[in-house]
Amino acid sequence: MTRAQKIWRAAAVLSAAALVACQNPAPTPAQTQLIAARDRLTAAIRHCTLIYHFDPDAPDLPQRQLAPNELAWRQCAYRAARDYERANPALAPLYQSLIDEDIAMTNAIMRGQMTRSERRTKITRTLSQIRTAEENQIAMAQADQAQKQEQMRDIYNTIRAFTGVPSY
């Protein structure tokens with residue numbers, strides 16, 4: 001076997017190893033960053049709850065007025081959402097819209113023009129849209145990863161065919 005053939009076979013073996021490594025891909029950097037940003041957002045909102053002793057899910061909250069520390073809690077949650085916006089700029093407009101809607105609806109509650117339940121329904125709808133957008137981001141990242149894996153398989157198959165190395 002010539003030196004060139006040995007080099008090609010070694011390249012084929014390395015390509016096969018790379019292909020095997022790609023069969024069970026780790027999360028993409030985009031997915032990892034999104035998951036980490038979500039975790040930070042959740043932790044920051046929990047921190048707001050601890051600092052301001054306000055739980056937005058408490059069952060006994062008044063429907064047409066703010067609870068003690070609620071406004072401070074909401075300001076803290078807005079800061080957390082803005083930090084998330086910086087980590088995920090593609091969704092920044094959706095989060096800014098969520099914040100703007102929440103501010104307007106919180107003001108309406110303070111004026112007695114809206115109930116807490118009405119605000120929750122609207123916020124839940126907006127959060128559902130955001131969740132869908134995040135899922136689409138993840139799907140796009142996975143599709144990109146799958147395309148890269150297909151390219152690796154094509155490279156491997158080309159090298160394998162050229163060198164005569166059997167497939168694995």
Side-chain angles (χ1 to χ4, degrees), residues 17-156:
L19 180 64
V20 169
C22 290
Q23 294 302 317
N24 296 313
T28 65
Q31 290 170 306
T32 302
Q33 290 172 0
L34 180 59
I35 291 166
R38 277 186 193 167
D39 290 346
R40 285 191 306 272
L41 175 61
T42 300
I45 291 175
R46 274 196 307 261
H47 184 71
C48 295
T49 299
L50 291 172
I51 291 174
Y52 295 104
H53 306 287
F54 171 75
D55 179 2
D57 296 321
D60 58 346
L61 295 173
Q63 282 295 309
R64 292 195 180 269
Q65 65 185 25
L66 296 185
N69 296 327
E70 180 175 357
L71 198 53
W73 179 90
R74 295 193 104 65
Q75 294 296 322
C76 183
Y78 300 154
R79 284 190 299 276
R82 287 185 181 109
D83 287 345
Y84 179 81
E85 285 176 10
R86 286 189 285 281
N88 192 349
L91 296 185
L94 291 174
Y95 272 90
Q96 189 55 52
S97 175
L98 172 69
I99 292 168
D100 293 344
E101 285 179 38
D102 190 74
I103 289 170
M105 290 185 287
T106 299
N107 287 333
I109 291 171
M110 287 191 307
R111 293 189 304 269
Q113 298 170 333
M114 176 178 250
T115 67
R116 186 175 298 279
S117 296
E118 291 168 331
R119 178 181 62 188
R120 179 176 294 277
T121 298
K122 290 183 179 189
I123 292 299
T124 299
R125 191 175 322 131
T126 302
L127 286 172
S128 177
Q129 293 169 349
I130 291 171
R131 187 171 298 113
T132 298
E134 286 177 338
E135 288 168 358
N136 288 340
Q137 275 185 320
I138 290 170
M140 287 173 49
Q142 288 171 335
D144 184 52
Q145 183 71 13
Q147 181 182 11
K148 288 177 182 173
Q149 286 177 337
E150 183 64 29
Q151 289 171 344
M152 283 297 296
R153 277 191 288 277
D154 289 346
I155 291 169
Y156 167 74

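Just so it is clear, the model here is predicted, and its values are computed rather than measured.
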Exercise for the section: Tell me, please, which residues at least two apart from Tyr78 pass ring pair (Phe, Tyr, Trp, His ring centres under 6.0 Å). Expected result: none
Handout entry: Glu70 (side chain) donor-acceptor with Phe54 (main chain) under 3.5 angstrom
Key = no
Practice task
Would you confirm whether Asn69, through its side chain, and His53, through its main-chain N or O, come within 3.5 Å as a donor-acceptor pair?
Solution key: no
Exercise for the section: Could you tell me whether Glu135 and Arg131 make a salt bridge, using a distance below 4.0 angstrom between a side-chain N and a carboxylate O? Expected result: no
Exercise for the section: Return the minimal non-hydrogen interatomic distance between Gly112 and Arg64, and the atom names on each side. Expected result: O-NH1, 3.0 Å
Fill in the blank from the handout: Contacts satisfying salt bridge (charged side-chain N to carboxylate O under 4.0 Å, His left out) that involve residues 45-60 (not counting sequence neighbours) are Asp57-Arg120
Handout entry: Leu91 side, atom CG; Ser97 side, atom OG - distance, nearest 0.5 Å
Key = 12.0 Å
Handout entry: Arg38 and Leu41, any side-chain heavy atoms less than 4.5 Å apart
Key = no
Exercise for the section: Would you please say whether a donor-acceptor pair under 3.5 Å links the side chains of Glu134 and Asn88? Expected result: no
Practice task
Rounded to the nearest 0.5 Å, what's the gap from OG1 on Thr132 to CG on Leu127? Could you check?
Solution key: 10.5 Å
Problem - Lys/Arg-Asp/Glu bridge criterion (N-O < 4.0 Å) met for Asp83, Arg40 - result: no
Completion exercise
Residue set satisfying side-chain hydrogen bond (donor to acceptor under 3.5 Å, both in side chains) with Thr126, at least two apart, ordered chain then number -> Glu101
Problem - Closest non-hydrogen atom pair, Arg119 against Asp102 - result: CD-OD1, 3.6 Å
Completion exercise
Closest non-hydrogen atoms of Ala81 and Tyr95, given as atom of the first, atom of the second and distance, are CB-CD2, 4.1 Å
Exercise for the section: Report yes if the side chains of Trp73 and Leu66 come closer than 4.5 Å at any heavy-atom pair, otherwise no. Expected result: no
Practice task
Look at the side chain of Arg116 and the backbone N and O of Pro62, then say whether any donor-acceptor pair between them is shorter than 3.5 Å.
Solution key: yes
Problem - Shortest non-hydrogen separation from Pro56 to Leu61 and the atoms involved - result: O-CD1, 3.6 Å
Practice task
Nearest 0.5 Å please: distance from the CG atom of Asn107 over to the CE atom of Met114.
Solution key: 11.0 Å
Completion exercise
Here the gap from Ile99 atom CD1 to Arg74 atom CZ, rounded to the nearest 0.5 Å, amounts to 11.5 Å
Completion exercise
Tightest non-hydrogen contact, residues Pro93 and Ala90, listed as CD-O, 3.8 Å
Exercise for the section: For the residue pair Leu94 and Leu98, establish whether any side-chain heavy-atom pair is separated by less than 4.5 Å. Expected result: no
